[in-house]
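Below is one structure, written out as structure tokens; the observations come after it.
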Amino acid sequence: MEILKMKLIINADDFGCTVPVSLGIIEGMRYGLVSSTSAIVPAPDFLYCAKYALEHGLCHMGLHSMLTMISPTLPVSQVPSLVDERGMMYDRNTFLKKEVNIHEAEAELENQIRIFRETGLRLDHIDTHHGLMQKNAAFTELFLHLAHKYHVPLRNEFSRRQGTNTSRILKEVKNRNIPMTDILYFNQGKPYHTTEDIILFLEQAKSRYEAVEIGCHPGHSDDYLRSVSVLNDDREKELDVMLDVRLRNYIRENRIEVISYDQL
């Protein structure tokens, strides 16, 4: 039996990454289909972008938990297992292989949440940069704990990597009453979503799931972003997709309800 109205979250990662990225995300929320976003708290531009968001009516967003590729928010002396000799957190591949002190990781994430909340923004979900909640069982438990502690939804990153522990994790999510979508979709092996990719996913999902998330990276690029990230000009293309009238029409015609994490 086809579900009459599937709920859809379109979440833009990396708010606060740079000012142009953040302005592009707000543009996608104001004029397009982006319904939610999550913030990189350790980014140098985060505080400015958070202030701008509040001034323009964006009062809640998620935490895009960062434990890689940037300076920690805590002094390096408090998180020595998270950083290299330069005081920078490791790249994704190194982090996934490295033994990391889970208590230091928890302290850093708690501090990111503290900084986030002190801006006046309201936390509406938790997700991760690079899918780090699946590093190991201890990290999975840490993110379950944080979502339960702060009474917020957790991104269903587990749906992207099915394994022997997935059913156990999802059962624990249910036992702790942590809100979560049924599935998370990201563009698979492509630099950005296309309208056709998203419509194909939604066509497959609408008869199977009650709530889904599409993760995306819209925004505006600049020379600084090109110097620090491989994900730069493609953000402009993804923003165009989020503004595409064809996608908006498909969602409306198929009675898909676009919501924010705050409404999950």
Side-chain angles (χ1 to χ4, degrees), residues 9-53 56 58 61-73 83-84 86-96 112 115-116 121 125 127-133 155 157 160 184-199 201 213-247:
I9 296 170
I10 300 181
N11 188 81
D13 290 0
D14 297 352
F15 188 88
C17 170
T18 66
V19 172
V21 166
S22 303
L23 294 180
I25 289 172
I26 290 176
E27 182 181 343
M29 299 182 81
R30 182 171 294 172
Y31 303 111
L33 289 163
V34 178
S35 62
S36 177
T37 188
S38 48
I40 299 177
V41 171
D45 287 338
F46 167 69
L47 292 178
Y48 174 86
C49 294
K51 183 175 183 290
Y52 184 91
H56 289 79
L58 178 54
M61 61 181 70
L63 177 76
H64 197 52
S65 308
M66 288 289 292
L67 292 172
T68 57
M69 300 183 66
I70 202 166
S71 298
T73 60
V83 298
D84 61 20
R86 302 169 300 159
M88 299 289 289
M89 293 190 284
Y90 297 100
D91 64 73
R92 178 180 184 273
N93 289 336
T94 302
F95 178 85
L96 291 176
Q112 291 181 25
I115 294 169
F116 177 99
L121 288 169
H125 77 280
D127 60 42
T128 76
H129 187 64
H130 289 152
L132 300 181
M133 70 176 71
R155 171 180 271 175
E157 295 176 7
R160 300 191 72 210
L184 166 66
Y185 174 72
F186 266 107
N187 44 315
Q188 302 294 330
K190 298 181 180 180
Y192 61 94
H193 289 294
T194 66
T195 296
E196 292 72 23
D197 290 336
I198 293 176
I199 289 176
F201 165 70
E213 177 188 349
I214 294 174
C216 58
H217 297 88
H220 293 301
S221 187
D222 62 3
D223 288 340
Y224 172 73
L225 186 65
R226 295 184 194 102
S227 72
V228 298
S229 174
V230 296
L231 188 54
N232 42 67
D233 293 346
D234 287 327
R235 294 178 189 264
E236 304 265 5
K237 299 173 184 177
E238 192 138 88
L239 178 57
D240 288 341
V241 172
M242 296 302 136
L243 300 172
D244 192 339
V245 174
R246 292 178 298 154
L247 184 55

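The basis for the numbers below is simple: all heavy atoms, side chains too, and nothing from hydrogens, waters or symmetry mates.
- At a threshold of 4.5 Å between non-hydrogen side-chain atoms, the residues His125 and Ser38 count as touching.
- In this structure, Phe95 has its ring center at least 6.0 angstrom away from the ring center of His130.
- Under a 3.5 Å cut-off, the side chain of Ser35 and the backbone N or O of Ile9 do not form any donor-acceptor pair.
- No side-chain donor-acceptor contact under 3.5 Å links Glu213 to the backbone of Leu184.
- No side-chain heavy atom of Ile10 sits under 4.5 Å from any side-chain heavy atom of Ile198.
- Ser22 and Asp45 form no side-chain donor-acceptor contact under 3.5 Å, judged by distance and modelled atom types alone.
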Could you walk me through whether Tyr52 and Leu58 satisfy the side-chain contact (heavy atoms from CB on, under 4.5 Å) test, starting with their C-alpha distance in whole Å, then the side-chain angles of each, then the deciding distance to 0.1 Å, before giving a yes or no?
CA-CA 9 Å; Tyr52 184 91; Leu58 178 54; over 6 Å; no
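- The main-chain N or O of Thr37 is found under 3.5 Å from a side-chain atom of Asn11 such that the two form a donor-acceptor pair.
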Checking side-chain contact (heavy atoms from CB on, under 4.5 Å) for the pair Phe201/Ile214: CA distance, chi angles, key distance, verdict?
CA-CA 9 Å; Phe201 165 70; Ile214 294 174; 3.9 Å; yes
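- For the side chain to side chain donor-acceptor pair (under 3.5 Å) with Ser221, the lone residue among Asp234, Asn232, Asp233 that qualifies is Asp233.
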Going through the checks in order, is the side-chain contact (heavy atoms from CB on, under 4.5 Å) test met by Asp222 and Val19?
CA-CA 10 Å; Asp222 62 3; Val19 172; over 6 Å; no
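- Annotation for Cys216 and Phe186: closest pair N-CE2, 3.7 Å, computed over non-hydrogen atoms.
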Under the side-chain contact (heavy atoms from CB on, under 4.5 Å) criterion, do His193 and Tyr185 qualify, and how do the steps go?
CA-CA 10 Å; His193 289 294; Tyr185 174 72; 3.5 Å; yes
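- Contact annotation: the side chain of Leu63 never approaches that of Asp127 to less than 4.5 Å [non-hydrogen atoms, C-beta and beyond].
- The distance from atom CG of Leu121 to atom CD1 of Ile115, rounded to the nearest 0.5 Å, is 12.5 Å.
- By the neighbour-count criterion of 12 heavy atoms within 6.0 Å, atom CE of Met88 is densely surrounded, having more than that number from other residues, nucleotides or ligands.
- With hydrogens and angles disregarded, a donor-acceptor distance shorter than 3.5 Å links the side chain of Glu157 to the backbone of Thr128.
- When atom types are taken as modelled, the side chain of Glu238 and the backbone of His217 share a donor-acceptor pair closer than 3.5 angstrom.
- Looking only at side-chain heavy atoms (C-beta outward), Val21 and Phe15 stay at 4.5 Å or farther from each other.
- With hydrogens and angles ignored, the 3.5 Å screen pairs a side-chain donor or acceptor of Asp91 with a backbone N or O of Thr94.
- Between His129 and His64, the ring planes lie perpendicular to each other; the angle is over 60°, past the 30° to 60° tilted range.
- To the nearest 0.5 Å, atom NE2 of residue His220 and atom CD of residue Glu236 are 6.0 Å apart.
- Between the Ser229 side chain and the Leu231 main chain, a donor and an acceptor come within less than 3.5 Å of each other.
- The closest side-chain heavy-atom distance from Pro218 to Arg235 is not below 4.5 Å.
- If you take CG on Leu23 and OG1 on Thr18, they are separated by 8.0 Å, rounding to the nearest 0.5 Å.
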Tell me, with the steps shown, if Arg226 and Asp223 meet salt bridge (Lys or Arg N to Asp or Glu O under 4.0 Å).
CA-CA 5 Å; Arg226 295 184 194 102; Asp223 288 340; 2.7 Å; yes
